[in-house]
Amino acid sequence: MTMMKTIRWGILGPGSIANQFAAGIQLAPNAVLGAAGSRDKAKAQAFCDKFGGGTAHGSYEALVADPDVDAIYVATPHDFHCEHTLLALEAGKPVLCEKPVAINAAQARKMVAKADEKGLFFMEGMWTRFFPVMARLREWVREGRIGNVLTITADFGFRASFNPQSRLFDPARGGGALLDVGIYPVSFASMLMGKPERIASAMVPAENGVDAQSAAILIKGHTMAVLYTAVEATTPWEAVVIGEKGRITVATPFWKPSIAVLKEGDNEPEIFESPFEGPGFQYEVEEASRLIAEGCTQSDIIPHTESISIMETLDAMRAQWGLRYPME
C-alpha cells in the first residue's frame, strides 16, 4: 500500500478564515500546519500555538521562503489575493488561494499565468465544492436522476450594519456583497451550468455605492440560474437544482452542506446526509494536499479556466451596475 504524503502548509495571513482552514488541517489525514506568516510575528506565534505547532514568521516573505513549507494557503482579504499568490508562486510554492480568487478576471488570469509559468499547483479555495454532499449532487446530475437541468436557485445574504471603514463596505477593498458572499451562488451555478451566455443583473447600493444586495439571472442554453446575495439581509441560504424529472435541494446552509434531498418524479425523496466535524475545511485541505503530493497543477473540481470564468461573470455583473473598484 502506498503511503500518503503529508503536505506541510504555510498559512499566509492568520485571520478568521485561516483559523477555520487550520481546523481543517487538523482533521485531514495528509496535512499538517508547517508555519504561519503575519506582519505581526506575535500574531503568527499565537496562531501556531493555538493549532499545535509550526514556525511563526514575522513577514510573508519569510513564510514563502521557509524550506519546511510545502504549500501556501493565502488567507488574506481578497484585495490582496493576487499580490500574495504571486509572491508565493515566485518563491516556488504551490498555492491554494481563498475565494474569491481575485478582485477581477484580469488578476485571476495573471495568477494562473504565473502558476503555469512556474509549473506549480494553484487552486481557488472554494471549499464548498469539496463537501461529500456536493460530490453526491454532481453524481446525481451526471447520472441523469433529474434529467436535464432547467433552473438553479441559490442565495447567500447576511445582515451587517453599514460601516464605510470596514473591509465589508470599503470599495478600495473590493467591498460589498458580491465578492464576499455573492461568489457562493455564482460558483454554485457555474459548477452545474458552466459559463453563462447571457447575464441580467441589478443591485441596490449601500450609502457609499458598493452593492448592499443584488440579484442575477444567468442563462446558458436552456438552463437558467436565479441568484441573490446581500450584506443587509439574512437569506435562507438554500440552493435548489430543478430538472425535467425532479429536483435536488441542498439544505441550509448550502455553502457548507450536510444534507441534500433528491425528489425524482413521484418517488419518495432520497436523502443524503453527511455530517462533518469542525468548520468543514478538511475536505478541501485533503483534496488540495493530495493533488500537490501527486504533482498536479490544478483541480478538475474547480479548474483554472472556471475560476477565471467565474470572475468574468462577476465582472460582467458589476459592469451592468456601473461599479468599479478604485484599484481597477
Side-chain angles (χ1 to χ4, degrees), residues 99-100 126-159 176-204 211-265 267 269-274 301-302 306 309-310 312-314 316-318 320-321:
K99 57 84 198 99
M126 177 45 75
W127 60 305
T128 300
R129 295 270 177 113
F130 299 93
F131 281 83
V133 163
M134 287 296 171
R136 180 54 59 90
L137 180 149
R138 292 191 295 267
E139 183 179 277
W140 280 339
V141 172
R142 279 196 308 269
E143 291 172 348
R145 298 288 299 275
I146 62 170
N148 291 325
V149 174
L150 301 177
T151 307
I152 300 160
T153 65
D155 67 84
F156 191 172
F158 66 95
R159 173 74 179 168
L178 187 66
L179 295 188
D180 198 74
V181 288
I183 179 71
Y184 284 97
V186 171
S187 183
F188 181 77
S190 175
M191 179 181 75
L192 294 164
M193 68 186 288
K195 186 177 181 179
E197 297 163 346
R198 288 186 286 159
I199 299 170
S201 181
M203 70 93 156
V204 176
D211 52 305
Q213 57 175 312
S214 70
I217 297 174
L218 314 181
I219 297 174
K220 182 179 182 181
H222 206 69
T223 304
M224 179 173 67
V226 181
L227 314 174
Y228 174 76
T229 188
V231 288
E232 64 178 12
T234 301
T235 69
W237 301 346
E238 188 176 78
V240 182
V241 185
I242 303 167
E244 298 165 315
K245 301 190 300 182
R247 67 182 181 272
I248 301 166
T249 301
V250 184
T252 182
F254 86 87
W255 37 271
K256 56 173 185 178
S258 59
I259 300 174
V261 180
L262 168 66
K263 184 67 171 70
E264 191 176 4
N267 296 336
E270 183 178 331
I271 300 172
F272 177 77
E273 294 188 65
S274 180
I301 294 176
I302 184 159
E306 190 182 2
S309 75
I310 289 169
E312 289 172 342
T313 296
L314 301 182
M317 290 169 63
R318 288 195 294 115
Q320 291 182 359
W321 309 339

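- When all heavy atoms are compared, the tightest approach of Thr128 to Met134 is O-CG, 3.1 Å.
- Across every non-hydrogen atom of Lys99 and Asp180, the tightest pair is NZ-O, 4.5 Å.
- Considering CD1 of Ile146 and CD1 of Ile248, their distance stands at 4.0 Å, rounded to 0.5 Å.
- Within the structure, side chain to side chain donor-acceptor pair (under 3.5 Å) pairs that include any residue of residues 245-254 do not occur (at least two apart or interchain).
- The closest donor-acceptor contact from the side chain of Lys263 to the backbone of Asn267 lies under 3.5 Å.
- By the ring pair (Phe, Tyr, Trp, His ring centres under 6.0 Å) test, Phe188 pairs with Phe254, sequence neighbours left out.
- Annotation: the span from Thr313 atom OG1 to Arg318 atom CZ amounts to 12.0 Å, rounded to 0.5 Å.
- The shortest non-hydrogen separation linking Val133 to Ser274 is CG2-CB, 4.2 Å.
- Contact annotation: the side chain of Arg136 never approaches that of Leu262 to less than 4.5 Å [non-hydrogen atoms, C-beta and beyond].
- Remark: Ile271 pairs with Ile259, Val261, Glu273 by the side chain to side chain contact (heavy atoms under 4.5 Å, CB included) rule, at least two apart or across chains.
- Residues Met193 and Leu218 come closest through the heavy atom pair CE-O, 3.7 Å.
- A donor-acceptor pair under 3.5 Å links the side-chain atoms of Thr223 to the main chain of Val149, judged by distance alone.
- Contacts classified as side chain to side chain donor-acceptor pair (under 3.5 Å) and involving residues 190-202 (residues at least two apart or in different chains) are given here: Ser190-Glu306, Lys195-Glu312, Ser201-Trp321.
- For the pair Glu244 (side chain) and Asn148 (backbone), a donor-acceptor distance under 3.5 Å is present.
- For Glu270, the salt bridge (Lys or Arg N to Asp or Glu O under 4.0 Å) partners at least two apart in sequence or on another chain are Arg145.
- Atoms CD1 and CD1, from Ile199 and Ile217 in turn, are 11.5 Å apart once rounded to the nearest 0.5 Å.
- With hydrogens and angles disregarded, no donor-acceptor distance shorter than 3.5 Å links the side chain of Asp211 to the backbone of Met203.
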Show me the donor-acceptor pairs, under 3.5 Å and distance only, between side chains in residues 228-238 and residues at least two apart or in other chains.
residue	atom	partner	partner atom	Å
Tyr228	OH	Gln213	OE1	2.6
Thr229	OG1	Phe156	O	2.8
Thr229	OG1	Gly182	N	3.2
Glu232	OE2	Gln213	NE2	2.8
Thr234	OG1	Arg159	N	3.3
Thr235	OG1	Asp155	OD1	2.4
Thr235	OG1	Gly157	N	2.9
Trp237	NE1	Gly157	O	2.8

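- How far CD of Gln320 is from CE of Met317: 8.0 Å, rounded to the nearest 0.5 Å.
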